[in-house]
Amino acid sequence: MIKRRIKSLLKSILKSKYPQYSDLNFEIEKPRRADLGDFSTNLALILQGKIGIKPRELAENLVEELKIEPLFKKIEIAGPGFINFWINPEVYRENLKEILKKGERYGAIDLGQGKRVHIEFVSANPTGPLHIGHGRGAAYGDALARILKFSGFEVFKEYYINDRGTQMNILGASVYLRAKELSGEKIDFPKDYYQGDYIKDIAKEALRLYTDLLERKEAEAIALCRELAIKIILEDIRSDLENFRVFYDNWYSERALYEKGLLNEVLEVLREKGDLYEMDGALWFRSSLYGDEKDRVIRKASGEWTYFASDIAYHYEKFVKRGFDLAINLWGADHHGYVARLKGALKAFGIEENKLQVLLIQMVNLIEDGKLKSMSTRKGEYVELKELVREVGVDAVRFIFLSRSHDSPLEFDVELAKKQSMENPVYYVQYAHARICSLKEKAKERGLKIEEILEADLSKLGEDEEIEILKKLSEFSDVVEMSALGLSPYKIVYYLLDLAASFHEYYNKYKIISEDKELSLARLALSEGCRIVIKNGLDLLGVNSPEKM
RNA sequence: GCCCCUGUAGCUCAGUAGGAUAGAGCGCGAGAUUCCUAAUCUCGAGGUCGCAGGUUCGAAUCCUGCCAGGGGCGCCA
């Protein structure tokens, strides 16, 4: 917030003194060292190359008028030509009042200006239960949605269900075979069929529902099994996600795409452009024209459509029919080869490729007893999301999943996540929140009225630690902005850890509630400011803020 | 072979669209509770930012090449 105020001040000076460079890109940043001010800018250093005046001289010139600005306590030129600003502490105290007033809206920004964003995430095929990799995508997509919404975007969350195609038929056949097996028939279960035990459970259910299942024609029986399997598995996926506090605005069925005739419409557009051709009995899209390394099949020689075909139609619809300004897709990193062809398709439609942001989610490695737990989807040896959540809890799983950028592999230490101690970052942050709630209780017991903190005399807050916390609280919206721009929930995580640390430290060193009523109210106001920001931050991650622990 | 990601303290990771003396937690060593939640806090030791060049006032950050780990290169998803 303050950062933006400094920037706009400097911009107007730049405009009046060097109008030809008014669009110059310069930075306002927080220096690492406290003796270099609260903020600093490299403006003069950047400008020197353009005009050839010595940077320090230039800086003097630029800063002249700013010295009377009440935002600042002090301005200095330092080093090679940095301009360092010290903020008037009154500004931070004013900000605390704003936090108390705004409450759960504090930190919200209007970066998105109502732009409509579509977020598609998880979208696991309904062929088996969600595993922890899907869980990471779920936490990431959901947190992103919350952050973007808080940043002024209009967000739509969608789960795309691949409920047709070869894999579904294999699923149906897998269930059917297991059903035969259950009724005593000897079978040979193919390697590329779905191996998991859940298939047997579904087979059992199929036999119960359709008593004549095995007397029916095979194709018919397999179709019944397929439909039942999709229904049961989707229900399971949905309930896993809801338990994980992930809710969608829409579940989009791939079949619906075909039923709407969307695919034909899209193919017509491509055909007219001459971007389709037949070869070896298959239908190809000339994705190589649009940056892909080769052309891709959209209808196999067998006559079946590939998933790519549906995806083209689906994304065409996202932009052209549904009018989203931005679409964010979260995929497993193993889909990376798929990005170029999809973006290629968008280009063919004249859709700017930056409108689609594909975030590839790297692996989750579970560490148990200090050892890597190996996972193999093929053998059905993966850890299910529900299992991990049951063991560790939603809050810890979400917090840890969100603590890394999507493009870094994530090490998940199960023992650590379960620990209820300072080593566990989730508890560390939540504990700060609970502690402040307990402080408020205590204050009430001592006859202080919590409502009075709104009128507290904040000039009592003068200790270094207090100013430090005030500053951090004022940075929250900057963190939200960076987090939204970078599509990076982990920045919120690190900020919260930092803020919680500052609060714990402060709490340990100073008495919040004392005999001095005015001072107590001021410190309670500061504590409440911390609580609000921690709560707002945790909300963005979908993590609870307990009042007692 | 080609493409993507990663490489910073013993371990797990930050490092804000190149900035001023590289940061945190854990682990290790030493301490703090008659007192608001010790699920906390304080102090200390710990670094050739994978390697080599380049770009410039300035590089952990950008470019090139190499090394190591992971993933991907299907008419599979």
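This is a predicted model, so every value here is computed, not measured. First the proteins, then the strands, lettered A, B, ... as listed; each starts at 1.
Ion pairing between A:Lys3 and A:Glu29 fails under the 4.0 Å rule for side-chain N and carboxylate O.
If you check every strand for non-hydrogen atoms under 4.0 Å, A:Lys419 touches nothing. Note on A:Asn42: a base of the nucleic acid sits closer than 4.0 angstrom, heavy atoms only. Residue-level contact check: A:Thr127 touches neither bases nor backbone, having no heavy atom under 4.0 Å from any strand. Among the protein residues, A:Glu547 comes within range of the nucleic acid bases, having at least one heavy atom under 4.0 Å from a base atom. A:Lys3 comes within contact range of at least one nucleobase, with a heavy-atom separation under 4.0 Å. When heavy atoms are screened at a 4.0 angstrom cut-off, A:Ala434 is found touching base atoms of the nucleic acid. Among the protein residues, A:Asn84 comes within range of the nucleic acid bases, having at least one heavy atom under 4.0 Å from a base atom. Residue contacts for A:Leu45: at a heavy-atom cut-off of 4.0 Å it reaches a base atom on one of the strands shown.
An aromatic stacking contact between A:Phe82 and the base of B:rG19 is absent, as defined here by ring centres under 5.5 Å apart and ring planes under 30° from parallel.
Base-pair partner of B:rG65: B:rC51 (Watson-Crick or G-U wobble, both distances under 3.5 Å). Nucleotide B:rC26 is matched to B:rG10 when pairs are restricted to Watson-Crick or G-U wobble geometry with both distances under 3.5 angstrom. B:rC36 is unpaired under the Watson-Crick or G-U wobble criterion, no partner having all donor-acceptor distances under 3.5 Å.
Taking every heavy atom of residues 507-519 of chain A and every atom of RNA chain B, pairs under 4.0 Å involve A:Tyr507, A:Asn508, A:Tyr510, A:Lys511, A:Ile512, A:Ile513, by number. Annotation: proximity of residues 466-490 of chain A to RNA chain B (heavy atom, distance under 4.0 Å) is found for A:Met482, A:Tyr490, numbered in ascending order.
Distance noted for atom C1' between B:rC11 and B:rG46: 13 Å (whole Å). Of the C1' atoms belonging to B:rC66 and B:rC28, the separation is 36 Å, rounded to the nearest Å. Distance noted for atom C1' between B:rU12 and B:rC51: 24 Å (whole Å).
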If you restrict it to nitrogen or oxygen atoms, what contacts under 3.5 Å exist between nucleotides 8-11 of chain B and the protein, and what is each distance?
none

List every contact pair, protein side and nucleotides 21-23 of chain B side both N or O, where the distance is under 3.5 Å.
from	atom 1	to	atom 2	distance (Å)
B:rU21	O4	A:Arg33	NH2	2.7

Please produce a list of atom pairs where a protein N or O lies less than 3.5 Å from an N or O of nucleotides 70-75 of chain B.
from	atom 1	to	atom 2	distance (Å)
B:rG71	N2	A:His336	ND1	3.3
B:rC73	O2'	A:Glu293	OE2	3.2
B:rC75	O2	A:Ala301	N	2.6
B:rC75	N4	A:Asp280	O	3.1

*Decide salt bridge (Lys or Arg N to Asp or Glu O under 4.0 Å) for A:Lys318 and A:Glu120; before the verdict, give the C-alpha distance in whole Å, the side-chain angles of both, and the deciding distance to 0.1 Å.*
CA-CA 11 Å; A:Lys318 278 186 192 175; A:Glu120 182 208 327; 2.9 Å; yes

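The environment of NZ in A:Lys418 is crowded: more than 12 heavy-atom neighbours from other residues, nucleotides or ligands sit within 6.0 Å.
Classification of the A:Tyr193-A:Phe189 ring pair by plane angle, with boundaries at 30° and 60°, yields perpendicular. Classification of the A:Tyr252-A:Tyr314 ring pair by plane angle, with boundaries at 30° and 60°, yields tilted.
Checked against B:rA20, B:rG15, B:rU42, the side chain of A:Lys491 finds its nearest nucleotide in B:rG15.
Put simply, A:Arg523 has no side-chain N or O that comes within less than 4.0 Å of OP1 or OP2 on B:rC36.
A donor-acceptor contact under 3.5 Å is not formed by the side chain of A:Thr166 with the base of B:rA77.
In this structure A:Ser527 satisfies the side-chain contact (heavy atoms from CB on, under 4.5 Å) test together with A:Ile436, A:Leu439, A:Phe503, A:Ile512, sequence neighbours excluded.
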